[in-house]
Amino acid sequence: MNKDLPKVALELWRADALVLFDWLQDVDLNAVPVSHPAQKQALMDLLTRLEETDAAEATHDEIDAAKAEVSQDMGW
């Protein structure tokens, strides 16, 4: 990706970042329904950025705890 393109700062709860990182590592992006190839690339870009955080060093226990925390208050 071009380093000169405009950027957006996005703040996530660590638990959300761990859940997303874990999912993006395991998901088959060829099976994820997309309406444009850029959507798949954006998911890969997100994984790349998450790999640059401490999410990449999370243990299985931390990921399990994050999943429990994120799903705790799901009202749907």
Side-chain angles (χ1 to χ4, degrees):
M1 176 146 304
N2 185 336
K3 303 269 187 221
D4 296 326
L5 290 174
K7 295 181 181 170
V8 173
L10 179 66
E11 189 173 324
L12 293 175
W13 286 296
R14 185 169 190 270
D16 286 337
L18 293 182
V19 170
L20 285 169
F21 177 73
D22 182 60
W23 178 73
L24 286 167
Q25 280 192 308
D26 291 338
V27 72
D28 176 3
L29 287 179
N30 292 321
V32 174
V34 295
S35 59
H36 193 281
Q39 294 165 331
K40 190 184 301 186
Q41 184 59 50
L43 288 171
M44 284 303 304
D45 292 344
L46 177 58
L47 175 59
T48 299
R49 296 303 301 207
L50 287 169
E51 286 174 337
E52 297 170 356
T53 71
D54 71 340
E57 300 167 11
T59 66
H60 290 291
D61 288 341
E62 288 176 306
I63 292 169
D64 288 343
K67 288 177 181 177
E69 183 178 338
V70 171
S71 64
Q72 177 178 341
D73 294 322
M74 292 175 57
W76 44 278

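Quick caveat: nothing in here was measured; it's all calculated off a predicted structure.
- Between R14 and E62 there is a side-chain heavy-atom pair separated by less than 4.5 Å.
- For CZ of R49, the number of neighbouring non-hydrogen atoms (other residues, nucleotides, ligands) closer than 6.0 Å is 12 at most.
- D22 pairs in a side chain to side chain contact (heavy atoms under 4.5 Å, CB included) with only one of the listed residues (V19, L20, D26, L24), which is D26.
- Rounding to the nearest 0.5 Å places CH2 of W23 at 12.5 Å from NZ of K67.
- For the side chain to side chain contact (heavy atoms under 4.5 Å, CB included) test with V27, the passing option among L47, L43, V32 is V32; the others fail.
- The main-chain N or O of H36 is found under 3.5 Å from a side-chain atom of Q39 such that the two form a donor-acceptor pair.
- When all heavy atoms are compared, the tightest approach of M44 to L29 is SD-CD1, 3.2 Å.
- The two atoms that bring A55 and A17 nearest to each other are CB-O, 4.4 Å, heavy atoms only.
- Between P37 and Q41, the closest side-chain pair of non-hydrogen atoms is not below 4.5 Å.
- Interatomic distance, E69 CD to D64 CG, rounded to the nearest 0.5 Å: 13.0 Å.
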